[in-house]
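Side-chain atoms are counted along with the backbone in the values below, which use heavy atoms only and exclude waters and symmetry mates. As the structure is a computational prediction, the values presented were derived from the model and not from experiment.
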Amino acid sequence: MKAAVTLKQNYEFRRLYQKGASAVGGGMVLYCRKNRLGHNRLGLTASVKLGGAVQRNRARRRLREVYRLNSPRLRQGWDMILVARGRTLTAPWGELNDTFLRLCRKLGLLEGKP
RNA sequence: CGAGGAAAACAGACAGCCGCGUGGGCAGGCCGAAAGGCCGUCCAUGAGGAAAGUCCGGGCUCCACAGGGCAAGGAUAACGGGUAACGCCCGCCGAAGGCGACUUCAGGAAAAGUGCAACAGAGAUAUACCGCCUCCCCCGUUACAAAAUGGGGCCCCCGCAAAAACGCAGUUUUUGUGGGGAGAGGAGGCACAGCGAAAUGAGUGAACCCUGCCGCUUGCGGCGGGGUGAAGGAUAUGGAGCUUGUGCCGACGAGGUAAGGAUGGAAAGGUGCGGUAAGAGCGCACCCGACGGCUCGAGAGUGUCCGUCGCUGUAAACUCUAUCCGGAGCAACACCGGUAUGGGAGCACACAGGCUGGCCCGGCCGCUCCCGGGGUGGCUGGAGCGCGUUGGCAACAGCGCGCCUAGAUAGAUGGCUGUCAAAUACAGAACCCGGCUUACAGUUUUGCUCGCAAU
RNA sequence: AGGGGUGUCGCCAAAUGGUAAGGCACGGGACUUUGACUCCCGCAUCGUUGGUUCGAUUCCAGCCACCCCUG
């Protein structure tokens, strides 16, 4: 993941949590908000409640992979945050992928369809 | 073959597609004056045995020189070695456990001092309740005395004297003395159990008394306030007492003794013989333990040796002895750009206060709060890893040859498919090493011990 | 990275190495026609695993969980 397309600062996360639109699905939470950069940025969150470092790393990697494989279908110019839940670790890959697409469709992030 | 114990090794592999970090290459593309940056492509490489917990020890960096003195605190604890060092490792001694291979041990000092040892038990750090023995006194018997032998030294009642306690009167207790009585078929006492009277008794509040307001039936009713407070009353408190039961002690003077006596974690070294009035390490033999000498060993220690002695346990209670310890941590620290001792607010102008983790000397600095704080280095070649060889029982050390094996900075290893019987154990580097502790599915190898069977 | 603290009944909590106080709650009983009040009785792996000790909630060590502080 390139440095220009990730969210790093704590105030950026706080701004999305407060002002962004959100959607909840099995295994993840998605926040999004429009930016003026013309490309997308992604933030990932895995809390201590998920488990040790191994579990948190695994949750982040699965969410990042979901975002990477589906990024050509997304509209540009949005900030997004994916928050890991307990089912992020245990859910099968197909279910995780479908959930991400369903949340994006709900928030109007997919290219082409209204 | 079964059971056990020790030491090591591994920690999914392979193939395909998409994707990530770092390093290097490219007569590739774009931006830029340049340095360089971005993209693309190829190659190499990319988490652990515990990376974890952060429990010890170091390296490294800074604290002015990391300095002097004193005190406190902390850590460790047989002995010898290894190591940069350690609380780690190896060997060995001792103790405990196991038939054994082997495992475990915070393993200095209790004879410097202080503290603690409930309950039980006669007695708990030294005692004398019983017992045993001697002596004294009284009584009986034989035959006056002497001597011998047997029994007793208690308890109850009455009188007298003295002392003490309760304010006096007076009462009680103790001691002495006189008389009488009971008593080994047991006076008297203790413990447990049973029965159990009086009395106390919370909250509750029948009834009565005083009083306020309202109603009309004018002395009754209703609603309130205050006081006295009956009966009853809990498996509660209490415990006078009993022709109650069961069990035990049970004759009490003076001295000696520490053999025996239901306890306890621990009872004054153990067994036997002698000895004695009875006894006792009082003496002897054997055994056990402590200390000193001698032998062996480098030492802790050891022993068919000699001498002295017989001492409770606890120091993960205080304490004593010996040894070691300055502090902070890569968010350390250094450099670049930069106004850089950043900006703002408040307090203060000195015998104050802060830092040098306690105090003194010495040294340094105005203090507190809020906001902001980019990049690079440190950053991985090291007390490194593998193989061989030499020394050593070993830990380990020396020499030779070969190898380079993560370095991120919101944090790189992921997703899908297929094959292998199955692989979803514990778990993610963050300055680096040496250990310890804890978690862990399973697989493999090499010695060793015990049992059974066969040869 | 460094430092500090706590864990005792369902809740709040005390305790010198020698039987684990107390209050609220809960269960049973007494009182009452019944309920309430009141009284009596009952109710604990002392976070966990080892060790020291005759004996551990207490002393020591290792784990587990939670909370707090500094940068």
Is [N] syn or anti, taking syn as a glycosidic angle within 90° of 0?
N: B/A406; result: anti
N: B/G255; result: anti
N: B/A143; result: anti
N: B/G281; result: syn
N: B/G212; result: anti

Q: Identify the two heavy atoms, one from A/Cys32 and one from A/Leu107, that lie closest to each other, and give their separation to 0.1 Å.
A: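 Scanning both residues, the minimum pair turns out to be SG-CD1, 3.7 Å.
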
Q: Specify the closest pair of heavy atoms between A/Lys34 and A/Trp78, including all atoms of both residues, with the distance to one decimal.
A: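 Taking every non-hydrogen atom into account, N-CE3, 3.7 Å.
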
Taking [atom1] from [X] and [atom2] from [N], how many angstroms apart are they, rounded to a whole number?
X: A/Asn70; N: B/G414; atom1: CG; atom2: P; result: 20 Å
X: A/Tyr67; N: B/G415; atom1: OH; atom2: P; result: 19 Å
X: A/Arg56; N: B/G414; atom1: CZ; atom2: C1'; result: 18 Å
X: A/Arg64; N: B/G414; atom1: CZ; atom2: P; result: 12 Å
X: A/Arg58; N: B/A427; atom1: CZ; atom2: P; result: 15 Å
X: A/Glu95; N: B/C416; atom1: CD; atom2: C1'; result: 17 Å
X: A/Gln55; N: B/G428; atom1: CD; atom2: P; result: 7 Å
X: A/Arg61; N: B/G415; atom1: CZ; atom2: C1'; result: 12 Å

(Q) Whether A/Arg33 and A/Asp79 form a salt bridge (side-chain N of Lys/Arg under 4.0 Å from carboxylate O of Asp/Glu) is what I want to check. (A)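 Answer for the salt bridge query: no.
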
Q.
Strictly below 4.0 Å, N to O, side chains only: are A/Glu65 and A/Arg68 in salt-bridge contact?
A.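 Answer for the salt bridge query: yes.
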
Just so I know, are the side chains of [X] and [Y] near enough to count as touching, which here means a heavy-atom distance under 4.5 Å?
X: A/Lys106; Y: A/Leu30; answer: no
X: A/Leu74; Y: A/Met80; answer: yes
X: A/Leu82; Y: A/Tyr31; answer: no

Whole-Å [atom1] distance, [N] and [M]:
N: C/C69; M: B/C370; atom1: P; answer: 15 Å
N: B/C433; M: B/C39; atom1: C1'; answer: 41 Å
N: B/A120; M: C/U19; atom1: P; answer: 13 Å
N: B/A51; M: B/G366; atom1: C1'; answer: 48 Å
N: B/A395; M: B/A84; atom1: P; answer: 16 Å
N: B/U308; M: B/C286; atom1: P; answer: 15 Å
N: B/G194; M: B/G239; atom1: C1'; answer: 14 Å
N: C/A61; M: B/C306; atom1: P; answer: 49 Å

For nucleotides 15-18 of chain B, tabulate all protein N/O to nucleotide N/O atom pairs closer than 3.5 Å, reporting atom names and distance.
residue	atom	partner	partner atom	Å
B/C18	O2'	A/Arg68	NH1	3.3
B/C18	O2	A/Arg68	NH2	3.3

Could you identify the nucleotide paired to [N], looking across every strand shown and requiring Watson-Crick or G-U wobble geometry with both distances under 3.5 Å?
N: B/U61; value: B/A328
N: B/A72; value: none
N: B/A193; value: B/U244
N: C/A44; value: none
N: B/G107; value: B/C93
N: C/A15; value: none
N: B/A182; value: none
N: B/C385; value: B/G402

**Q.** Under 3.5 Å: donor-acceptor pair, side chain of A/Asn70, backbone of A/Val66
**A.**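 Pair found, side chain donor or acceptor close to backbone of A/Val66.
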
Q.
Main chain of A/Leu44, side chain of A/Arg60: is a donor-acceptor contact present, judged purely on distance under 3.5 Å?
A.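 Judged by distance alone, no pair lies under 3.5 Å.
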
Q) Who passes side-chain contact (heavy atoms from CB on, under 4.5 Å) against A/Arg102, sequence neighbours left out? A)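 A/Arg102 satisfies side-chain contact (heavy atoms from CB on, under 4.5 Å) with A/Thr99 only.
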
(Q) Quick check on RNA chain B: between A/Asn57 and A/Pro92, whose nearest nucleotide comes earlier from the 5' end? (A)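 In this pair, the answer is A/Pro92.
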
Q. Want to settle it: does A/Ala53 or A/Leu44 sit nearer the 5' end of RNA chain B, counting the closest nucleotide to each?
A.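 That would be A/Leu44.
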
**Q.** Which nucleotide in B/G428, B/G415, B/A412 has an atom nearest any side-chain atom of A/Arg60
**A.**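 Of the candidates, B/A412 comes closest.
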
**Q.** From B/G414, B/G415, B/A427, nucleotide with atom closest to A/Trp93 side chain
**A.**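 Given the options B/G414, B/G415, B/A427, the side chain of A/Trp93 is closest to B/G415.
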
